[in-house]
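Structure, as structure tokens:
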There are 2 protein chains.
Amino acid sequence: MPAEHAILGLLAESDPGAHGYDLARHFAPEEPLGAIVRLEPGMLYHHLKKLDKAGWVSATVEQQGVRPPRQVYQLTPEGRIELDRWLADPVGRTREIRLEFLVKLFFAQRLHPDLAGELVAHQRETLERNLTSLKAQQLSMAAGGDADDRDRSFSIDVLALRMAQTEAALAWLDNLLAGESGRKAECS
Amino acid sequence: MPAEHAILGLLAESDPGAHGYDLARHFAPEEPLGAIVRLEPGMLYHHLKKLDKAGWVSATVEQQGVRPPRQVYQLTPEGRIELDRWLADPVGRTREIRLEFLVKLFFAQRLHPDLAGELVAHQRETLERNLTSLKAQQLSMAAGGDADDRDRSFSIDVLALRMAQTEAALAWLDNLLAGESGRKAECS
DNA sequence: AGAGCCATGTAAGAGGTTACATGATTAG
DNA sequence: CTAATCATGTAACCTCTTACATGGCTCT
């Protein structure tokens, strides 16, 4: 799922459009995007066909003599709408921060630099809600006595891990916001 | 992969063996194990067949009159060896802590309570190494100047997230160790 | 009488990985 | 001469998800 939106994002940045091989380069492991999402050529071409069928990209064939003809893809207006909707939508679970949110952030900074801060803020709120719910579960876990001691102590450890990971992500988001406004202030 | 080892772990705990439906109960979402790994019945039976073919479990059929016959599975000696090997082996990546390591911890505490602390210590070392490598990448990133500014600043943010998540996991592991030795001291 | 438990599975399909095929061109 | 680049894909193969089929039994 994040891979397809990453493709939409790349097409939004490449003005006359791009063909599969062009896009594949951005998913090489040394590129910033490839360091987050891995995408083999086979899957890339598969996704492009799916996006075409969904009406989010459109292809125009470009003949090239001896090589296979290039399919040059462009973002359609519907595709752009879908991309913007996706970019504004924070991820629901903490574990999705590492992949999907990073991809959103990557493209938000490029396509809507002024709205990237809003994405971060919304993501912060979502994680804050998750943290609250984890705290509630922790309380009910300490009280509720239908499980045996080993089970309860283990469940408490699990909750503690989830809370620690969520808190770490929240702190990172705060640093992001501080860093960005900091850089803005430097320039003014 | 963690699901199959969880099955081995459950069979190690159930003495005369267990059939699929028995095992499935442990993967219900309200059970401590089901809160970590989700496993639908279809996949469970599939895994049991795979484990049988691998020689890690063996099945004996138990007729039941009108209902479909029970396949009662038992852990084989090879299965036990594989389980113990897996239990002693820390996970390589921080993101595997949330799933695979928690399953290891769950069974380590039940099957080898005295070795659980060792697993945690080994996991700590592994994550510590990961953290060192992330720090090195961070340094080379700040120095290396072949990328444009946006790319570099983004890559730095990505590294900062990974470090924050790894540090959170390390702190949680430390609390685990402190908690366990604390509980041991209480009992003595 | 109807819901849900027991106990096994199959079937269909989505999604992903890995490896390969093509065949000229260009760089070391 | 060898290897990589260009540019597309296909094929085989896993894994996982979702949903369903069976059919008697027990609880309310």
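Convention: sequence-line order gives letters A, B, ...; per-chain numbering from 1.
Donor-acceptor pairing under 3.5 Å is lacking for the side chains of B/Thr76 and B/Ser58.
Here the CD atom belonging to A/Gln123 is positioned 8.5 Å from the OG1 atom belonging to A/Thr94, to the nearest 0.5 angstrom.
To the nearest angstrom, C1' of D/dC6 lies 14 Å from CD of A/Glu62. What separates CZ of A/Arg70 from C1' of D/dA7 is a distance of 8 Å, to the nearest Å. The distance from atom CG of A/Leu48 to atom P of D/dG9 is 9 Å, rounded to the nearest whole Å.
Scanning for side-chain hydrogen bond (donor to acceptor under 3.5 Å, both in side chains) contacts around A/Arg38 gives an empty result, with sequence neighbours left out. With sequence neighbours left out, the side-chain hydrogen bond (donor to acceptor under 3.5 Å, both in side chains) criterion links A/Gln138 to no other residue. Partners of B/Phe107 under the ring pair (Phe, Tyr, Trp, His ring centres under 6.0 Å) rule, at least two apart in sequence or in another chain, do not exist in this structure.
Comparing the axis of the opening five pairs of the helix from C/dA1-D/dT28 to C/dG28-D/dC1 with that of the closing five pairs yields an angle of 30°, rounded to 10°.
Counting heavy atoms from C-beta on, the side chains of B/Leu115 and B/Leu87 never come closer than 4.5 Å.
Residues A/Gln74 and A/Gly17 come closest through the heavy atom pair CG-CA, 4.0 Å.
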| said: Walk along nucleotides 10-25 of chain C from 5' to 3' and tag each nucleotide B, S or - by protein heavy-atom contact under 4.0 Å, base first, then sugar-phosphate. | reply: B----SSBB-----S-

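Within a 6.0 Å radius of CZ in B/Arg80, other residues, nucleotides and ligands contribute more than 12 heavy atoms.
Scanning residues 90-101 of chain A for heavy-atom distances under 4.0 Å to DNA chain C yields an empty list. A heavy atom closer than 4.0 Å to some atom of DNA chain C occurs in B/His19, B/Gly20, B/Tyr21, B/Arg25, these being the qualifying members of residues 7-25 of chain B.
Within the structure, side-chain hydrogen bond (donor to acceptor under 3.5 Å, both in side chains) contacts touching residues 5-19 of chain A (residues at least two apart or in different chains) are A/His5-A/Glu82, A/His19-A/Asp22, A/His19-A/Arg70. Each ring pair (Phe, Tyr, Trp, His ring centres under 6.0 Å) pair with one or both residues in residues 148-168 of chain B, not counting sequence neighbours, appears once here: A/Phe106-B/Phe154. The salt bridge (charged side-chain N to carboxylate O under 4.0 Å, His left out) analysis of residues 100-111 of chain B, with sequence neighbours excluded, yields the pairs A/Asp151-B/Arg110. Pairs of residues two or more places apart, or lying in two chains, never qualify as ring pair (Phe, Tyr, Trp, His ring centres under 6.0 Å) while including a residue from residues 31-68 of chain A.
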Side chains of residues 128-136 of chain B: which donor-acceptor pairs under 3.5 Å do they make with residues two or more places apart or in other chains?
from, atom 1, to, atom 2, distance (Å)
B/Glu128, OE1, B/Arg124, NH2, 2.1
B/Asn130, ND2, B/Gly92, O, 2.8
B/Thr132, OG1, B/Glu128, O, 2.9

